[in-house]
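Throughout, residue positions are numbered sequentially from 1 according to the sequence presented.
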Amino acid sequence: MSDITMTPFSRIPYEWPSSKTSAFCFTVDVDAESPLLWNMKSETSSRVIGQMEQRLFGPRVGIWRILDLLDRFGIKGSFFVPGVVAENHPDLLPAFVERGHEIGLHGYFHEIVSQVSDEEFTGALEASLEVFRTQVGIVPKGFRSPAWEMTPHMLGELKRRGLYDSSLSGFDHPYTIGDVTEVPVQWAIDDAVYFKFVGGGADSWPPSATGPILDSWIDEWSMLHKEGGLLMLTIHDWISGRAHRILMLERLLQRVTAQQGVWIATVGEVAAHHAASANAERYTVPVRVPELIAEARFGRER
């Protein structure tokens with residue numbers, strides 16, 4: 001295993017397939033109503049319908065606009081789907097598979113890692129796998145954690161099942177952590193950070209205009225392509241399926257597809273390349289869990 005304190009990772013070029021100098025993944029977290037269902041903890045919260053209708057725009061309209069967009073550019077995407085969303089909308093997984101896209105796991109109720117036990121995580125993972133097997137006869141190869149957090153137990157469960165992960169942000173190209181292939185994400189290239197708006201209240205904020213966000217995403221893409229990295233785009237069905245954001249995505253894809261040397265691939269294809277290449281050994285890091293400051297600095301015997 002590489003020593004993270006000694007290896008100058010930035011000086012080790014990441015090797016993409018022959019003739020490719022960078023990579024781009026188009027991914028959709030098909031959350032729809034699942035986070036709302038997870039957060040419904042009282043009868044009062046279950047009686048309001050405004051946010052539910054916002055989120056159901058995704059499986060009703062938004063996701064089909066996104067699929068049509070990808071068809072226009074001939075791009076295969078990766079769709080990470082919570083188990084309950086697949087169950088509530090049984091037309092989704094078959095549609096993704098029929099159009100040639102990758103499908104991956106994204107929790108069952110979009111459950112937040114800090115709010116479930118290890119046993120509950122394992123149960124949710126098994127339940128989601130069964131939904132995929134039942135609906136389309138496919139065992140997904142990849143997992144993306146809701147809210148992009150991870151624990152050693154979760155990594156261990158993914159390793160045991162031979163799944164890759166796409167939830168962490170330790171590099172801007174694939175790496176290996178806890179013997180699991182990681183295809184990293186980045187919050188700055190996630191639409192929810194800028195556009196999520198479900199109404200008034202402390203947990204919501206006004207959505208941004210698309211222009212400045214598109215500019216920043218293109219800047220990120222330009223630099224990553226120059227440095228040989230990966231741009232992992234993450235969008236959501238109910239957020240970026242809105243008409244003006246489809247236009248924004250169209251402009252981004254026009255820029256990416258015009259670039260020579262970019263490998264436009266599914267997350268699963270990128271993960272498979274990493275695992276089969278010398279990159280897997282070159283870019284391996286240990287699992288580092290933070291210690292409590294008081295325990296680490298003051299609680300030890302002198």
Side-chain angles (χ1 to χ4, degrees), residues 17 23-35 37 55-110 124-146 161-166 181 183 185 191 231-243 245-250 252-254 256-257 262-273:
F24 172 82
C25 291
F26 189 109
T27 72
V28 186
D29 290 358
V30 192
D31 291 354
E33 73 270 35
S34 59
L37 297 177
R55 289 180 171 278
L56 289 177
F57 176 86
R60 290 172 181 166
V61 180
I63 199 67
W64 308 105
R65 281 180 175 161
I66 292 167
L67 287 169
D68 290 344
L69 171 71
L70 292 176
D71 282 351
R72 290 198 295 274
F73 282 88
I75 290 174
K76 302 305 180 186
S78 297
F79 291 73
F80 295 94
V81 188
V84 72
V85 173
E87 285 195 324
N88 288 350
H89 309 280
D91 54 336
L92 292 181
L93 291 185
F96 300 154
V97 173
E98 182 180 350
R99 297 206 194 193
H101 301 294
E102 178 189 16
I103 52 175
L105 300 162
H106 194 43
Y108 186 83
F109 280 111
H110 200 274
L125 185 62
E126 290 290 353
S128 296
L129 284 166
E130 183 57 31
V131 171
F132 279 65
R133 282 191 290 258
T134 299
Q135 288 195 355
V136 290
I138 291 175
V139 178
K141 296 181 180 179
F143 173 83
R144 174 169 285 169
S145 173
R161 291 168 174 79
L163 298 170
Y164 74 77
D165 181 56
S166 183
T181 294
V183 189
V185 293
D191 63 350
L231 184 71
M232 174 69 72
L233 174 68
T234 304
I235 65 169
H236 296 76
D237 53 311
W238 67 283
I239 297 176
S240 283
R242 294 291 177 176
R245 294 178 192 136
I246 291 291
L247 289 177
M248 170 191 175
L249 294 172
E250 190 172 72
L252 176 65
L253 294 181
Q254 287 170 347
V256 171
T257 56
V262 57
W263 183 31
I264 301 175
T266 66
V267 185
E269 289 171 332
V270 172
H273 166 73

Peer 1: Main chain of G107, side chain of S128: is a donor-acceptor contact present, judged purely on distance under 3.5 Å?
Peer 2: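 Such a contact is found between S128 side chain and G107 backbone.
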
Peer 1: Calculate, to the nearest 0.5 Å, the distance between atoms CG and CG belonging to L129 and L125 respectively.
Peer 2: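 That separation rounds to 5.0 Å.
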
Peer 1: If every non-hydrogen atom of F80 is compared with every non-hydrogen atom of G142, which pair is closest and at what distance?
Peer 2: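 Looking at all heavy atoms of both residues, the shortest contact is CE2-C, 4.4 Å.
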
Peer 1: For the CD atom of E33 and the CZ atom of F57, what is their distance to the nearest 0.5 Å?
Peer 2: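 These two atoms lie 14.5 Å from each other.
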
Peer 1: If you define the side chain from C-beta out and look only at heavy atoms, does anything of F132 sit under 4.5 Å from I103?
Peer 2: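 Answer yes - side chains close enough.
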
Peer 1: If we only count heavy atoms from C-beta on, is the V185 to S166 side-chain gap below 4.5 Å?
Peer 2: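 Yes. Closest side-chain heavy atoms under 4.5 Å.
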
Peer 1: In the structure I gave you, are the side-chain heavy atoms of L233 and F24 within less than 4.5 Å of one another anywhere?
Peer 2: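 Answer yes - side chains close enough.
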
Peer 1: Do the non-hydrogen side-chain atoms of R144 and D165 ever get within less than 4.5 Å of each other?
Peer 2: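 No; the side chains remain at least 4.5 Å from each other.
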
Peer 1: Is the closest basic N to carboxylate O distance between D31 and R55 below 4.0 Å?
Peer 2: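 Salt bridge flag = no for R55 with D31.
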
Peer 1: Quick one, L69 and E250 - any side-chain contact, counting heavy atoms below 4.5 Å?
Peer 2: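 Yes. Closest side-chain heavy atoms under 4.5 Å.
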
Peer 1: May I ask you to test the P17-W263 pair for a side-chain heavy-atom distance under 4.5 Å?
Peer 2: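 P17 reaches W263 side chain to side chain.
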
Peer 1: So, the side chain of Q135 versus the backbone of A86: is there a donor-acceptor pair under 3.5 Å, distance only?
Peer 2: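 Yes.
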
Peer 1: Checking side-chain contact (heavy atoms from CB on, under 4.5 Å) for the pair V267/M232: CA distance, chi angles, key distance, verdict?
Peer 2: CA-CA 9 Å; V267 185; M232 174 69 72; 3.9 Å; yes

Peer 1: Please walk me through it: do T27 and F79 pass side-chain contact (heavy atoms from CB on, under 4.5 Å)?
Peer 2: CA-CA 6 Å; T27 72; F79 291 73; over 6 Å; no

Peer 1: First locate atom CH2 of W238, then atom CG of L56, and finally report the distance between them rounded to the nearest 0.5 Å.
Peer 2: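 So the gap between those two atoms works out to 11.0 Å.
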
Peer 1: Could you tell me if Y108 and E126 have a donor-acceptor pair between their side chains, going purely by distance under 3.5 Å?
Peer 2: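 Checked: E126/Y108 side chains show no N/O donor-acceptor pair below 3.5 Å.
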
Peer 1: CZ/F73 to CG/L249 distance, rounded to the nearest 0.5 angstrom?
Peer 2: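 Nearest 0.5 Å value for the CZ-CG distance: 9.5 Å.
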
Peer 1: Is I63 close to V28 at the side-chain level, that is, under 4.5 Å between some pair of heavy atoms?
Peer 2: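 Result yes, sub-4.5 Å side-chain heavy-atom pair found.
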
Peer 1: Check T257 against L253 and note the closest heavy-atom contact, atom names and distance.
Peer 2: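 Result for this residue pair: OG1-O, 2.6 Å.
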
Peer 1: Mind checking side chain to side chain donor-acceptor pair (under 3.5 Å) for S240 and listing every partner two or more places apart, or none if nothing turns up?
Peer 2: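 Result, side chain to side chain donor-acceptor pair (under 3.5 Å) vs S240: D191.
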
Peer 1: Could you pull out the closest heavy-atom pair between G268 and S78, with the gap in Å?
Peer 2: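 Taking every non-hydrogen atom into account, N-OG, 4.4 Å.
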
Peer 1: Distance check, rounded to the nearest 0.5 Å: L105 atom CG versus L163 atom CG?
Peer 2: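 Here the interatomic distance stands at 6.5 Å.
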
Peer 1: Working note: D29 + H236, criterion side-chain contact (heavy atoms from CB on, under 4.5 Å); need CA distance, chi angles, decisive distance, verdict.
Peer 2: CA-CA 5 Å; D29 290 358; H236 296 76; 3.7 Å; yes

Peer 1: Atom CD of residue position E98 - does it have more than 12 heavy atoms of other residues, nucleotides or ligands inside 6.0 Å?
Peer 2: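 For E98, atom CD is not crowded (no more than 12 foreign heavy atoms under 6.0 Å).
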
Peer 1: Indicate yes or no: does K76 engage E269 in a salt bridge with an N to O separation below 4.0 Å.
Peer 2: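 No, no charged N to carboxylate O under 4.0 Å.
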
Peer 1: Find out whether V61 and R242 are in side-chain contact, i.e. whether some heavy atom of one side chain is under 4.5 Å from a heavy atom of the other.
Peer 2: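 The answer is no; the side chains never approach within 4.5 Å.
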
Peer 1: What about H101 and F96, are their ring centers closer than 6.0 Å?
Peer 2: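 Between H101 and F96, the centre distance exceeds or equals 6.0 Å.
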
Peer 1: Which heavy atom in G83 sits nearest to a heavy atom in V131, and how many Å separate them?
Peer 2: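 Nearest heavy atoms, G83 then V131: O-CG1, 4.0 Å.
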
Peer 1: Check step by step if salt bridge (Lys or Arg N to Asp or Glu O under 4.0 Å) holds for D237 and R60.
Peer 2: CA-CA 9 Å; D237 53 311; R60 290 172 181 166; over 6 Å; no

Peer 1: Looking at CG of D68 and CZ of R65, how far apart are the two atoms once the value is rounded to the nearest 0.5 Å?
Peer 2: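 It is 10.0 Å, given to the nearest 0.5 Å.
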
